[in-house]
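Following: one structure in structure tokens, then a few remarks.
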Amino acid sequence: MSAATATATAPARRHVPHAVIIAIAGAWILAVAVEMTGDAAWLHHDRLVEHGQPWWQGLALWLLAWQAMTVAMMLPSSLPLVRLFAHASAGQPQPRRAMVAFLGGYASAWSAFAVIALVGDVAVHRVVEASGWLHAHQWAIGGSVLALAGGFQFTSLKEACLRQCRHPAAFLLRYYERGTAGGFRLGARHGVFCVGCCWVLMLVMIAVGAANLVWMAVITALMVHEKTRPLGARGVPVTGMALLGVASVTLIYSACRAAGVV
């Protein structure tokens, strides 16, 4: 019987590694400290792409901040798989290296998304600069992101990716491999599914500011609920309707205000 099979067929005897819990707590403490000191504005995408620093410097700062966001926001929803992987890899010659590789693979998937998101944001800024209408109606972009996030909640891609994340034991049975390379591949594969079900929610996070504590807490709670709670599936369309409602109110109110009606 393989380690992964034993994990899925017997009660897990290992807890989430303490280092992972400490990292999550530390990432949230860092986010609170950045917000309280007023340095959060420097992590906003507008500052990173429009203040004249070299592109590589803005990208490096963005990726550094994104690692903390990954640990604080995305990792909590993956703790069931982290716990199962810790149990399955306990019999390996170097279980700690396997865990580090697993977490590194997970972070690499979200880092790839972060690069794509920043490049896309730069492209949006260029389009806004070239379009007089968009420059005068920038509120349409934020409202559209909310509408996109709401609509995505009802897609088959969302459900397919969530299905993989909601059943960590089955996922581990299917993809588990021994060794650091196997751990990295497992983490990266899980990260891809995690990105697949949560990428639009993170676009909302980017739109409102990378270190906005309220949105960080709300989106983290949503992801944890959707991916780990028994009633998470029922909450997905509710979240979608709520986001579509907020998008509608935002777009209508902004349009009325721009027209001088309110």
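Every heavy atom of this structure was used, including side-chain atoms; hydrogens, water molecules and symmetry mates were not. Given the structure is predicted, the values throughout are model-derived calculations rather than measurements.
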Donor-acceptor pairs are to be reported for all side-chain atoms of residues 236-256 against protein atoms at under 3.5 Å, with residues two or more places apart or in another chain.
unit_1: Thr239; atom_1: OG1; unit_2: Gly235; atom_2: O; d: 3.1
unit_1: Ser248; atom_1: OG; unit_2: Leu244; atom_2: O; d: 2.9
unit_1: Thr250; atom_1: OG1; unit_2: Val246; atom_2: O; d: 2.7
unit_1: Ser254; atom_1: OG; unit_2: Thr250; atom_2: O; d: 2.7

Show which side-chain atoms of residues 225-233 pair as donor or acceptor with protein atoms under 3.5 Å away, not counting sequence neighbours.
unit_1: Glu226; atom_1: OE1; unit_2: Lys158; atom_2: NZ; d: 2.8
unit_1: Glu226; atom_1: OE2; unit_2: Gln153; atom_2: NE2; d: 2.8
unit_1: Lys227; atom_1: NZ; unit_2: Ser77; atom_2: OG; d: 2.9
unit_1: Thr228; atom_1: OG1; unit_2: Val224; atom_2: O; d: 2.5

In Å and rounded to the nearest 0.5 Å, what is the CE to CH2 distance from Met202 to Trp215? 12.0 Å
Steps toward side chain to side chain contact (heavy atoms under 4.5 Å, CB included) verdict (Leu172, Leu186): CA-CA 8 Å; Leu172 193 70; Leu186 181 70; 3.6 Å; yes
Please examine the side chains of Met69 and Met205, heavy atoms only from C-beta on, and report whether any two atoms are closer than 4.5 Å. yes
Say you draw a straight line from SG of Cys197 to CD of Gln164; how long is it, rounded to the nearest 0.5 Å? 10.5 Å
Let me check something: do Leu222 and Phe193 share a hydrophobic cluster, defined by ILVMFWY side-chain heavy atoms less than 4.5 Å apart, either directly or through other members? no
So do the side chains of Arg83 and Pro168 get within less than 4.5 Å of each other, counting heavy atoms only? no
Establish whether Val192 and Leu63 are linked, either directly or via other cluster members, by ILVMFWY side-chain heavy-atom contacts under 4.5 Å. no
To the nearest 0.5 Å, what is the distance between CG on Leu203 and CG on Asp121? 9.5 Å
Identify the two heavy atoms, one from Leu157 and one from Gly196, that lie closest to each other, and give their separation to 0.1 Å. CG-O, 4.4 Å
Any link between Val71 and Val100 through a network of hydrophobic side chains (Ile, Leu, Val, Met, Phe, Trp, Tyr) touching at under 4.5 Å? no
Is the backbone N or O of Val115 less than 3.5 Å from a side-chain atom of Trp62, with the two atoms forming a donor-acceptor pair by type? no
For residues 104-113, which side-chain donor-acceptor pairs fall under 3.5 Å, sequence neighbours excluded?
unit_1: Tyr106; atom_1: OH; unit_2: Met74; atom_2: O; d: 3.2
unit_1: Tyr106; atom_1: OH; unit_2: Ser78; atom_2: OG; d: 3.1
unit_1: Ser108; atom_1: OG; unit_2: Gly105; atom_2: O; d: 2.6
unit_1: Ser111; atom_1: OG; unit_2: Gln67; atom_2: NE2; d: 2.8
unit_1: Ser111; atom_1: OG; unit_2: Ala107; atom_2: O; d: 2.8

Once you round to the nearest 0.5 Å, how far does CG of Leu134 lie from CH2 of Trp139? 10.0 Å
Could you list the cluster mates of Ile22? Members are the ILVMFWY residues connected by side-chain heavy atoms closer than 4.5 Å, either directly or through other members. none
Residue pair Ser89, Phe102: steps toward the side chain to side chain contact (heavy atoms under 4.5 Å, CB included) verdict: CA-CA 10 Å; Ser89 61; Phe102 169 79; over 6 Å; no
Shared ILVMFWY cluster between Leu162 and Met73, side chains joined below 4.5 angstrom? no
For Leu64, what are the other residues in its hydrophobic cluster, where any two members join if their side-chain heavy atoms are less than 4.5 angstrom apart? none
As an exercise, state the distance from SG of Cys165 to CG of Leu81, rounded to the nearest 0.5 Å. 9.0 Å
Shortest non-hydrogen contact from His137 to Trp133? ND1-O, 2.7 Å
Treating Ile, Leu, Val, Met, Phe, Trp and Tyr as nodes and any side-chain heavy-atom pair under 4.5 angstrom as an edge, say whether Phe85 and Phe184 lie in one connected cluster. no
Donor-acceptor contact present, side-chain Gln92 to main-chain Gly179, <3.5 Å: yes
Determine all donor-acceptor pairs shorter than 3.5 Å in which one atom belongs to a side chain in residues 140-152; sequence neighbours excluded.
unit_1: Ser144; atom_1: OG; unit_2: Ala140; atom_2: O; d: 2.6

For Pro17 and Val82 the tightest heavy-atom approach is CD-CG1, 4.0 Å
Could you check whether the rings of Tyr175 and Phe171 sit parallel, tilted or perpendicular, using 30° and 60° as the cut-offs? tilted
Apply salt bridge (charged side-chain N to carboxylate O under 4.0 Å, His left out) to residues Glu177 and Arg189 and explain how you reach the verdict. CA-CA 12 Å; Glu177 300 176 64; Arg189 188 185 297 272; 5.8 Å; no
What distance do Leu75 atom CG and Ile24 atom CD1 have between them, rounded to the nearest 0.5 Å? 4.0 Å
